[in-house]
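Counting starts at 1 for both ligands and their atoms, following the listed order.
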Amino acid sequence: MKIGIVGMPLVGKTTMFNLLTGQNKEVSAFPSKGTKNIGVATVYDHRVDFLSSLFIPKKTTYATIEFIDIAGISPELPSKEKAEIFNLIQGVDALLFAIRLFEDPAVAGEKDPVVQVENLRYELLLRDLEVVENRLGRLKRSKKELTHDELIEEEILKKCNQYLSDDKFLSNFEFTEDEIKRISNFSFYTLKPIIIALNLSEEQFRSNVFPRKEELNQLIKDNNMVSIDICGKMEMEISQLEPEERQVFLEDLGLKESGIERLCRIGYEHLGLITFFTVVKDEVRAWTIKNGTHAVKAAGKVHSDIERGFIRAEIARYQDLVTLGSMHAIKEKGLLKIEGKDAIIEDGDIINFRFNV
Ligand SMILES: Nc1nc2c(ncn2[C@@H]2O[C@H](COP(=O)(O)OP(=O)(O)OP(=O)(O)O)[C@@H](O)[C@H]2O)c(=O)[nH]1
Ligand SMILES: [Mg+2]
């Protein structure tokens with residue numbers, strides 16, 4: 001699972017990256033250029049802790065999310081430079097829009113949050129439109145006769161071209177599974193789920209009052225986005241404290257959870273993600289998959305050999321384990337499900353894959 005952090009210059013992208021991943025990359029009041037920070041955040045899950053306390057494995061592995069922090073996108077940049085910045089996050093699964101609300105005369109940059117969201121929307125549209133037009137142009141100029149697949153691709157791209165030219169995100173439209181497959185290698189930005197991170201000052205965060213709040217919320221809703229409030233500077237500092245100290249400072253901000261915990265809670269739902277667990281070879285481990293994933297594909301997440309040699313999945317429900325206290329008791333009660341390749345995995349399933357290679 002990869003998320004790209006995008007935003008206009010000096011809105012607090014790297015600050016957010018640091019607070020989400022616990023890293024300490026340089027933040028500054030001067031626009032960065034050519035940045036690409038990559039970091040991994042741990043998805044804390046109390047269910048993993050419970051499994052770990054029950055099975056006492058040698059190793060406990062939480063799910064992770066990879067974040068990529070890039071330079072700011074501003075309308076004035078030459079399109080070649082914008083393309084270079086966007087290329088750094090090609091292939092991410094979702095975008096985190098960093099939107100600045102905090103005011104600081106010492107830090108230049110766009111302050112109006114609505115303008116920032118509109119700007120980013122526009123840049124994504126432009127990006128995708130350029131990709132579509134390039135590919136259509138190439139197909140049109142092709143000296144050879146187009147293959148059957150190319151003709152289908154051309155039809156889909158023409159449709160995309162129309163949507164994008166009408167100022168509409170591709171995510172607003174229904175594509176068939178086949179169409180999605182055929183355009184997946186373009187990695188269109190306007191097809192990706194978007195989470196808005198509002199970077200508030202401490203005062204705005206505490207009071208929950210900030211400029212253009214109503215319009216901003218409407219814009220977020222209209223565009224099928226979700227948002228999370230972040231107190232960037234402060235939370236970054238908290239994330240760099242010793243774990244024992246963090247809680248005290250978070251609570252002082254009125255928070256029960258860290259930035260990454262809040263983001264995961266909202267993000268998993270918005271992105272349609274769920275978690276399953278494995279308990280094997282002395283390791284308790286959490287895995288993230290899309291809601292609706294079949295057992296055999298979930299197996300592939302663990303290892304391609306398991307997908308290839310899939311025989312069956314033995315599935316216990318997390319809640320049953322909590323209630324009954326052991327796998328043995330689950331079996332005794334007949335609650336261990338034996339499922340084939342096409343079974344749909346549910347959130348909290350504890351899976352033992354049987355396979356043969
Ligand atoms: N007052 C205040 N300053 C902040 C906050 N978040 C970030 N800053 C400051 O804003 C400046 C830019 O922060 P960065 O995190 O580097 O912003 P960025 O979006 O990564 O900037 P570029 O990569 O240059 O586009 C730094 O001086 C930060 O300390 C905040 O919540 N409050
Ligand atoms: Mg930065």
Check each atom of ligand 1 against the heavy atoms of [X] and keep those under 4.0 Å away; list them by number with element.
X: Pro31; value: 24 (O)
X: Gly72; value: 25 (O)
X: Asp104; value: 1 (N)
X: Ala29; value: 27 (O)
X: Leu200; value: 31 (O)

Do me a favour and list the nearest non-hydrogen protein atom to [atom] with residue, atom name and distance?
atom: atom 17 (O) of ligand 1; value: Gly12 N, 3.1 Å
atom: atom 25 (O) of ligand 1; value: Lys13 NZ, 2.7 Å
atom: atom 13 (O) of ligand 1; value: Thr15 OG1, 3.7 Å
atom: atom 6 (N) of ligand 1; value: Asn199 ND2, 3.3 Å

Between Lys181, Arg135, Lys159, which is the residue that forms a salt bridge (Lys or Arg N to Asp or Glu O under 4.0 Å) with Glu153? Arg135

Would you say Glu103 and ligand 1 have an N/O pair spaced under 3.5 Å apart? no

Within the structure, does Ser32 bring an N/O atom to less than 3.5 angstrom of an N/O atom in ligand 1? yes

For [atom], which candidate among [options] holds the nearest heavy atom?
atom: atom 3 (N) of ligand 1; options: Phe205, Phe102, Phe30; answer: Phe102
atom: atom 21 (O) of ligand 1; options: Ile5, Leu10, Val107; answer: Leu10
atom: atom 12 (C) of ligand 1; options: Ser28, Cys231, Ala108; answer: Ser28

So do the side chains of [X] and [Y] get within less than 4.5 Å of each other, counting heavy atoms only?
X: Phe55; Y: Met327; answer: yes
X: Leu200; Y: Cys231; answer: no
X: Asn161; Y: Leu136; answer: yes

Can an N, O or S atom be found in Thr14 less than 2.8 Å away from the Mg ion (ligand 2)? yes

Does one side chain, of Thr288 or Lys301, offer a donor that lies under 3.5 Å from an acceptor on the other? no

How does Val27 reach ligand 1, by side chain, by backbone, by both or by neither, if only non-hydrogen atoms under 4.0 Å count? both

In terms of the angle between their ring planes, are Phe173 and Tyr163 parallel, tilted or perpendicular, with boundaries placed at 30° and 60°? parallel

Taking the inter-plane angle between the rings of Trp287 and Phe276 on a 0 to 90° scale, is it parallel (under 30°), tilted (30 to 60°) or perpendicular (over 60°)? parallel

If the threshold is 4.0 Å, N to carboxylate O, is there a salt bridge linking Lys168 and Asp166? no

Does CZ belonging to Arg212 count more than 12 external heavy atoms closer than 6.0 Å? yes

From the list Thr15, Thr21, Asn18, Asn37, side chain to side chain donor-acceptor pair (under 3.5 Å) with Asp69 holds only for Asn37

